[in-house]
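Predicted model, so just to flag it, every value in this text is computed and none were measured.
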Amino acid sequence: MMSIKKLLTYRIQMHMTTLILLCAVYFGTVMNYPVLKTIFNLSSDVSNSIFPYTAPILLICAFAIIFSAFAWPYVFKPFICFVVLTSAGALYAAVNFQTMFDSTMMESVFESNSSEILFYLNFRSVFYLFVFGILPCIFIAAVRIKPYRIWKHALIARVGIVFVAVVGIGLVTETCYKDYVSVGRNNSYLSKMVNPAHIFNGAKYLKKTYFETKLAYQTLGTDAKVAEVENGKPTLMVVVLGEAARAMNFTYNGYDRDTDPYTKNMNLIVFQNVSSCGSYTALSVPCMFSNMTRNSYSKPRAAAQDNVLNVLQHAGVDVMWIDNDGGDKGVAKNLTYIAIDPSLKNDDCNGSTCFDVAMLKDAKQFIDDGSHNKLLVLHTIGSHGPTYWQRYPDAQAPFQPACNRSDIENCNDKQIVNAYDNTLVYTDYVLSQVIDELKSVSNDYNVMMTYISDHGESLGEGGLYLHGTPYAIAPKEQTQVPWLMWMPEEYAQQKELSTQCLKEKAQKDTLSHDNLFHSLLGVYGVQTEVQDSELDITYSCRLDS
C-alpha cells in the first residue's frame with residue numbers, strides 16, 4: 001500500500017489538453033446541472049428528440065475553447081481553481097434557491113456585507129463548497145502537467161482541441177439551431193443560469209463601479225421649503241424602510257393570518273397595490289429614494305445627484321439614517337448616519353445580528369435632541385433571509401413549527417412560511433413601538449410615520465426562494481411590497497391633507513417606488529420645483545386643491 005507520505009506527495013501526470021478537457025466536462029455537466037435540468041424540462045415543447053442531449057455537448061465544447069485561452073504555465077491552475085471555488089458557491093445557490101448570477105445579482109453580492117454572507121453559512125453550503133470546489137482544486141493541484149517533447153506536438157494538440165470543440169458546436173447548431181432559438185427566445189433567462197456567468201458579470205460590475213469616469217454631482221431641490229403650519233409645531237416624520245417584506249403576507253392586504261396584531265387598531269392607511277423598483281436591496285433602495293422611475297433608473301446617475309432626503313435637508317430638515325441592514329447603499333452618504341453594531345451581545349443582539357428594536361435607543365435620542373423639523377429613517381433587517389428565525393425573539397413567534405435554520409431547503413414550505421410570517425409580526429411590533437414613541441412627543445411635534453419595503457421575497461412558489469430574480473421574470477412575490485402610513489388627524493390638518501382621500505387612493509390606485517420621492521415631499525409639506533405632482537400621492541388629497 002502507498003504510504004501517507006507518498007499519498008500526499010503523489011502527482012498525477014497528464015498533458016495540458018487532457019486537463020482542459022476534464023475541466024470542460026466538469027463544467028459542462030456537473031457545474032451546470034441546473035441549466036441542463038431546465039433544458040430537459042423545456043424540451044417537452046420541442047419536437048426534436050435529440051435537442052436536450054446536445055446541451056451538455058454544447059457546453060463542454062464552449063468551455064474547452066474558453067479554458068484553452070487561459071491554459072498557460074503558472075496561469076491555468078490558479079485561474080481554474082478560482083473559477084471552480086466560486087462556481088461551487090454559485091451551484092449551491094442555483095440548486096437550492098434557483099439563483100441566477102446576472103449583473104444585477106452580482107451587484108447585490110458585492111454590496112452585501114460580511115454578516116449578510118454569513119447568513120448563508122450552513123452544513124449544506126459548506127458541503128457544496130468542499131465537494132464541488134475544494135476537492136476538485138486539490139485534484140488540479142496534484143496534477144503535474146506533462147510537457148510534449150516536441151513543441152509542434154503541443155501546438156497541434158492545443159489547436160486540435162479547439163478545432164474539435166468548434167466542430168462540435170457547429171454540429172449542434174446544424175442539427176438543433178431552430179430548437180435553441182425557439183427555447184432561448186421564450187426563456188431568455190437560460191443564459192443567466194450558465195455557471196460561471198458570475199465571473200463575467202462580476203467583472204462588469206467592478207469595471208462599471210471602479211474604473212468608469214464618475215458623473216459630475218448634481219444638486220436638486222435647493223429651492224425646497226417646508227410650508228408653515230398653524231400650530232407652530234415642528235414636523236417629525238419617521239420612515240421605516242422594510243427588508244424583504246412582501247405585501248401578500250400582510251393581514252392588511254387580505255392575508256388570512258394575523259401578521260399585523262400590534263398595529264391593527266392604530267388606524268393605518270394601507271396602500272394595496274405597490275410594486276418595487278427592483279428585486280434586491282442594492283438596486284431598490286437608491287432607486288426608491290431617487291427622483292427616477294424604475295424604467296429610467298441609472299445607478300451612476302443616482303449616485304451623482306441628490307435624493308429626496310437631501311432635498312429635505314435643503315428645506316432645513318434635520319435628517320438621520322439609522323441602519324440595521326448592512327448599509328444604506330449610498331443613499332445616506334451626506335446624512336447623519338448610525339449603524340447598529342451586530343457584533344454586540346445583549347438582549348437585542350446575538351453577536352452576529354440584532355433585532356430591529358435595537359435602533360429605538362438612538363432614535364429616541366435623535367427625537368429628543370432639539371425641537372425643529374426632523375426626518376428619521378430606520379433601515380430594518382425585517383425579513384432578511386434565509387435566517388428568518390434570527391429576526392425575532394422566541395417569545396414573539398406565534399407561528400410554529402418554524403424553520404430555525406439557514407439551509408431552508410431542508411425545511412418544508414409550512415415551516416419556512418411560519419418563520420417568515422413571524423418576521424412580519426415582529427416588524428409590526430417595531431412599528432407599534434415607533435408609533436407609541438411618536439405619540440409620546442406629539443405635544444412637541446406634528447408626527448407621522450410611513451413604512452415601505454425595498455422588495456418582496458419568494459418562499460418556494462415555483463421553486464424560487466429568497467429574492468434577486470431578474471425583474472423581467474421576477475414573480476409578484478418579489479416585486480409587490482407593503483406601504484403603510486400612520487397619520488394622525490392633527491398632522492393631516494396641519495399639512496392640509498384629507499386622510500379619507502388618502503385611504504380611498506390606497507384602495508384603488510396602482511402605485512410603485514416611483515411615487516416615494518415626490519410623495520415624501522408632499523406628505524412632509526415641502527414645496528420645490530423638483531416635485532412631480534403626478535407622482536405625489538398627496539397632490540389630489542390636499543384640502544386646498
Side-chain angles (χ1 to χ4, degrees), residues 30-35 37-38 84-101 105-106 108-109 112-137 193 195-196 198 243-246 249 279-281 325-326 342 349-355 381-394 397 399-426 455-469 474-475 477-478:
V30 177
M31 282 298 194
N32 277 285
Y33 162 74
V35 182
K37 180 182 177 182
T38 303
V84 167
L85 285 171
T86 57
S87 296
L91 179 65
Y92 166 74
V95 170
N96 295 287
F97 305 127
Q98 287 70 54
T99 304
M100 287 178 253
F101 288 91
M105 177 56 70
M106 291 312 300
S108 180
V109 170
S112 296
N113 58 28
S114 57
S115 62
E116 289 180 285
I117 294 173
L118 289 176
F119 294 153
Y120 297 88
L121 191 63
N122 53 63
F123 174 80
R124 196 178 183 91
S125 62
V126 172
F127 175 82
Y128 267 74
L129 185 62
F130 180 75
V131 173
F132 299 107
I134 294 176
L135 285 182
C137 285
M193 293 179 65
N195 196 4
H198 63 279
E243 163 62 39
R246 67 188 207 178
N249 283 50
S279 61
Y280 60 98
T281 304
D325 191 35
C349 304
N350 64 9
S352 62
T353 185
C354 294
F355 300 136
I381 199 168
S383 303
H384 197 303
T387 51
Y388 300 122
W389 90 95
Q390 293 186 351
R391 308 291 165 249
Y392 51 84
D394 292 339
F399 303 115
Q400 297 295 333
C403 181
N404 295 339
R405 53 196 302 170
S406 60
D407 50 344
I408 59 175
E409 65 276 9
N410 289 317
C411 295
N412 61 47
D413 287 347
K414 180 180 179 181
Q415 292 171 329
I416 295 171
V417 172
N418 283 344
Y420 181 81
D421 286 349
N422 286 337
T423 68
L424 298 184
V425 171
Y426 188 71
H455 54 77
E457 188 89 333
S458 286
L459 300 175
E461 300 85 2
L464 292 174
Y465 293 90
L466 305 177
H467 54 267
T469 303
E477 288 83 5
Q478 296 186 31

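Using a distance-only test at 3.5 Å, with no hydrogens or angles considered, a donor-acceptor pair links the side chain of Ser279 to the main chain of Thr469. At distances below 3.5 Å, not a single donor-acceptor pair connects side-chain atoms of Glu477 with backbone N or O atoms of Gly456. With hydrogens and angles ignored, the 3.5 Å screen pairs no side-chain donor or acceptor of Gln478 with any backbone N or O of Pro475. Between the side chain of Arg391 and the main chain of His384, a donor-acceptor pair closer than 3.5 Å is present. Not one N or O on the side chain of Asn195 forms a donor-acceptor pair closer than 3.5 Å with the backbone of Asn32.
The aromatic rings of His467 and His455 lie tilted to each other, with the angle between the two planes from 30° to 60°.
Interatomic distance, CD1 of Ile134 versus CG of Leu129, reported as 4.5 Å (0.5 Å rounding). Summarising the geometry, atom CG belonging to Leu466 is positioned 10.0 Å from atom CG belonging to Asn96; distances are rounded to the nearest 0.5 Å. To the nearest 0.5 angstrom, Arg405 atom CZ is 9.0 Å from Arg124 atom CZ. Atoms OH and CZ, on Tyr392 and Phe399 in that order, are 10.5 Å from each other to the nearest 0.5 Å.
Taking 4.5 Å as the limit, some side-chain heavy atom of Leu459 sits within range of a side-chain heavy atom of Asn249. Proximity of Phe355 to Pro393: side-chain heavy atoms (C-beta onward) are separated by under 4.5 Å at one or more points. The side-chain heavy atoms of Thr387 and Trp389, taken from C-beta on, include a pair separated by under 4.5 Å. At a threshold of 4.5 Å between non-hydrogen side-chain atoms, the residues Tyr388 and Asn422 do not count as touching. You'll find the side chain of Ile408 stays beyond 4.5 Å of the side chain of Gln415, heavy atoms only. With contacts defined as side-chain heavy-atom distances shorter than 4.5 Å, the pair Glu243/Thr281 qualifies. At least one side-chain heavy atom of Val95 sits under 4.5 Å from a side-chain heavy atom of Tyr128. Between Asn418 and Pro401 there is a side-chain heavy-atom pair separated by less than 4.5 Å.
Residues Gly382 and Thr423 share a closest heavy-atom pair of O-CB, 3.7 Å. Scanning all heavy atoms of the two residues, the minimum distance from Pro136 to Val131 falls at CD-O, 3.3 Å. Of all heavy-atom pairs spanning Pro196 and Ser87, the tightest one is CB-OG, 3.3 Å. Considering all non-hydrogen atoms of both residues, Ser458 and Leu464 come closest at CB-O, 3.4 Å.
Heavy-atom neighbours of Tyr33 OH from other residues, nucleotides or ligands within 6.0 Å: at or below the threshold of 12.
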Mind running side-chain hydrogen bond (donor to acceptor under 3.5 Å, both in side chains) on Tyr92 and Asp407 for me, showing each step along the way? CA-CA 10 Å; Tyr92 166 74; Asp407 50 344; over 6 Å; no

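Applying the side chain to side chain donor-acceptor pair (under 3.5 Å) criterion to Thr86, with sequence neighbours excluded, gives His198. Shown here are the disulfide (SG to SG under 2.5 Å) partners of Cys349, two or more places apart in sequence or in another chain: Cys354.
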